[in-house]
2 protein chains.
Amino acid sequence: MAKNWTYVPGAEYPWQYRYEHMAVTTDCVIFTFEDRQLKVLLIRRGGEPYKGQWAFPGGFLKMNENAKEGALRELREETSLTPSAIEQLGVFSDVNRDPRERVITIAWYALVRPSDVLGGDDADEARWFPVNNLPPLAFDHSQILNAAMERLRRDIHFQPVGFDLLGEEFSIPELQAIYEAILGVKFDRRNFQRKILSSGILEEAAPEPHVDESCLKLCRMPAPIEPMPYAGANSIVDAHLDAAPTPKARTFDAAPEASIDTKSNASPDATRAKSRPGRIASLFRLNKTRYDQMKDSGDKFEF
Amino acid sequence: MAKNWTYVPGAEYPWQYRYEHMAVTTDCVIFTFEDRQLKVLLIRRGGEPYKGQWAFPGGFLKMNENAKEGALRELREETSLTPSAIEQLGVFSDVNRDPRERVITIAWYALVRPSDVLGGDDADEARWFPVNNLPPLAFDHSQILNAAMERLRRDIHFQPVGFDLLGEEFSIPELQAIYEAILGVKFDRRNFQRKILSSGILEEAAPEPHVDESCLKLCRMPAPIEPMPYAGANSIVDAHLDAAPTPKARTFDAAPEASIDTKSNASPDATRAKSRPGRIASLFRLNKTRYDQMKDSGDKFEF
DNA sequence: GCAAAAGTGTTTCGTTTACACCCATGC
DNA sequence: GCATGGGTGTAAACGAAACACTTTTGC
């Protein structure tokens, strides 16, 4: 069998093939939940094409790594993030999706806690954006985002997904806010609590009465959120255009003060920041045993 | 920006790149349901590597087609099949999964009716195999099959999936047999019937009493099936090795007479072939309107 | 007649849904 | 006190699971 490729050291184009080859990249859609909003991580492109526009972190896949390794490497290089788990979204392979050459991309998605701070070398150009208020995205990345949102809405029925978005300790109303934001519906507070407690996935965080005032202040629930609008391809862009007609506008957040600088240490209690008077919610933590059990059993975990 | 590739017409290796490029293929896992068994379509490889072994239909992705178009083209070329819908399974990208060069593959899966006959030029080398009695597969294709089986078991909860595996008209007990085979469980006949009828997805096929004996004979239910064993990577291969220790053995079917030749016209009533005495089951057909409605609503469709 | 398979109906049980009531907190 | 938010309980409604009875067919 004839060899289909050769390597010519020193040549300007040393990698030579009998048949045309395409390039392969990875892209990561990273979600977090902060300030009562679902947010995604974007980086500003430093080079052509789409220079200056926002895109998902990613890059070319190397020969000595599989797709998952490549996605995690690029993510770490560009944002210093290393999620505990990423899942494959799928391949996006439209013929003209990249003006340079034929490039297909393998998209991944992950959920991280807001306390996972960004601090990479390129961190100046990495920022969290609320999913319903995004700048225009490079390449076909708004299509990728739509796939990620759809996937998230589907996975939430089967996997205890909300916990990856929260800190170590959290209250049930906080968890409920995540489910409501992702699914765009409202649940009965009492039924939600009973259901999640009976599932056995939570354990009390502070059963002993060692409470002090400063700790309690951090545990309030944020104000009720309005359900997230459906994130269709156009509605996302439209929402941005309505809110910020000029691409130069820097106010990507619905609430300006919620816009965080990448370099600032995100508070682990960011999701609880905006308290209102009311009874203090009890704190829980994940029952890891039960969590793993549910993850690989494939049982429903629905609300 | 410097160009990263060049084309040298007439050269032995005309496609030349500044950076190393990998090859991209597509593979299709095609399921059908016949003789009370879930089956997959395999083709025997005519060239190296893995010459003579069985593999999923597929091949190299071309520059002027996206991944879905490429998968459908290869499938048509190799098996003459053109499923109405295929879905992306995911990318398999292990560094050494192909001995020739670095190759990643985009896997797809689809469900077809047993009446969709194979008749391509290479059809001699295409055959249906029961999923629990497979020959050794080339490349990492047993890993791909496992992903497809898992996906099928998951999708069946959300999509009215069984209908793609049946002919135009079918009885409810037939449909039940598919669900039981895929999920590996038994349902109460009466509850299954009530549930599926109340969903509105079926309409009566022969409401008028224009019945003649020859037609009725075709409408019997096959014998009860034993649940499909869990198709873990090893259990599949083991099942084959137990049943056919030598790779040359041709009896891949548990029931020898169920083994069909590719060239023989598969009967549309193959799933009803093995009748037992009993009352004749009523025939139904799909309510297309309701079917489309359920497909894109994402509602559950569970049994 | 008998066994096997299918159609129809009913009873029971558990889960979900929709509330009512009380407690804790900040202003 | 009062508005806001959280914790607990309960009754009604719905759907799922279990099971009885009858009909139709081949042998």
Side-chain angles (χ1 to χ4, degrees), chain A residues 36 157 169-177 179-180 183 185-200 202 204-207 209 211-225 271-284 299-303, chain B residues 36 157 169-177 179-180 183 185-200 202 204-207 209 211-225 271-284 299-303:
Chain A
R36 315 187 312 263
H157 290 292
E169 300 191 348
F170 51 87
S171 68
I172 293 181
E174 277 180 272
L175 185 63
Q176 180 176 350
Y179 275 82
E180 292 178 342
L183 292 172
V185 294
K186 291 292 269 177
F187 297 105
D188 183 285
R189 178 175 56 84
R190 299 149 290 192
N191 292 334
F192 185 90
Q193 169 141 338
R194 184 164 5 86
K195 197 162 180 178
I196 199 147
L197 282 179
S198 69
S199 76
L202 297 188
E204 281 190 72
V211 285
D212 72 291
E213 189 61 20
S214 65
C215 168
L216 288 179
K217 277 199 202 308
L218 298 172
C219 311
R220 312 220 180 292
M221 250 303 284
I225 53 153
T271 55
R272 289 188 275 262
K274 315 195 174 195
S275 324
R276 293 256 209 103
R279 183 169 171 173
I280 296 166
S282 312
L283 289 187
F284 293 85
D299 280 354
K300 265 180 318 192
F301 188 81
E302 190 157 7
F303 292 99
Chain B
R36 316 187 312 262
H157 290 291
E169 300 191 348
F170 52 86
S171 68
I172 293 181
E174 278 181 88
L175 185 63
Q176 180 175 352
Y179 275 82
E180 292 177 341
L183 293 173
V185 294
K186 293 291 270 177
F187 297 105
D188 182 284
R189 178 176 56 85
R190 298 149 289 192
N191 291 335
F192 185 91
Q193 170 140 337
R194 184 165 3 88
K195 198 162 179 178
I196 199 149
L197 281 179
S198 69
S199 76
L202 297 188
E204 280 191 71
V211 285
D212 72 290
E213 190 60 19
S214 64
C215 169
L216 288 178
K217 278 201 201 307
L218 297 173
C219 312
R220 315 220 177 294
M221 250 304 286
I225 53 153
T271 54
R272 288 188 275 262
K274 313 195 174 193
S275 326
R276 292 256 210 103
R279 183 169 171 173
I280 296 164
S282 313
L283 290 187
F284 294 84
D299 280 354
K300 265 180 317 190
F301 188 80
E302 190 158 5
F303 291 100

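Heavy-atom basis, side chains included; hydrogens, waters and symmetry copies ignored. Within every chain, numbering begins at 1; the chains are lettered A, B, ... in the order of the sequence lines, protein sequences first and strands thereafter.
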Can a side chain N or O of S171(B) be found less than 4.0 Å away from OP1 or OP2 on dA6(C)?
no

What distance separates L202(B) CG from S282(B) OG, expressed to the nearest 0.5 Å?
11.0 Å

Given atom CD of Q176(B) and atom P of dA5(C), what is their separation to the nearest angstrom?
12 Å

Between D188(B) and L197(A), just flag the one whose closest nucleotide in DNA chain D comes earlier from the 5' side.
L197(A)

Separation of I172(B) CD1 from R194(B) CZ (nearest 0.5 Å)
11.5 Å

Could you tell me whether the side chain of R189(A) has a donor or acceptor atom within less than 3.5 Å of a complementary atom in the base of dG7(D)?
yes

Round to a whole Å and report the spacing from CD1 of I196(A) to C1' of dG6(D).
15 Å

Under 3.5 Å, is there an N or O donor on one side and an acceptor on the other linking the side chain of R190(B) and the base of dA17(D)?
no

I need the NZ-P distance between K186(B) and dA16(D), as an integer number of Å.
20 Å

Nearest non-hydrogen partners of E169(B) and L283(B), listed with the distance
OE1-CD1, 3.6 Å

Provide, to the nearest angstrom, the distance between the CZ atom belonging to R279(B) and the C1' atom belonging to dA4(C).
13 Å

Quick note, I280(B) side chain, CB onward, closest among dC19(D), dG6(D), dT25(D) is dT25(D)

Measure from the side-chain heavy atoms of S282(B) and tell me the nearest of dC19(D), dG7(D), dG7(C).
dG7(C)

Interatomic distance, CZ@F187(B) vs CD1@I196(B), rounded to 0.5 Å, equals 10.0 Å

Spacing of L283(B) atom CG relative to dG7(C) atom C1', expressed in whole Å:
14 Å

Taking for R194(A) and for R194(B) the nucleotide of DNA chain C with the nearest heavy atom, the one nearer the 5' end belongs to R194(B)

Can you measure Q193(A) atom CD to dT17(C) atom P for me and round it to whole angstrom units?
16 Å

OP1 or OP2 of dG15(D) versus the side-chain N and O atoms of K195(B): is any pair under 4.0 Å?
no

I172(B) atom CD1 is separated from dA5(C) atom C1', nearest whole Å, by 14 Å

Nearest-0.5 Å distance, CG of residue N191(B) to CD of residue Q176(B)
9.5 Å

Using atom CZ of F192(A) as one end and atom C1' of dC19(C) as the other, report the distance to the nearest whole Å.
19 Å

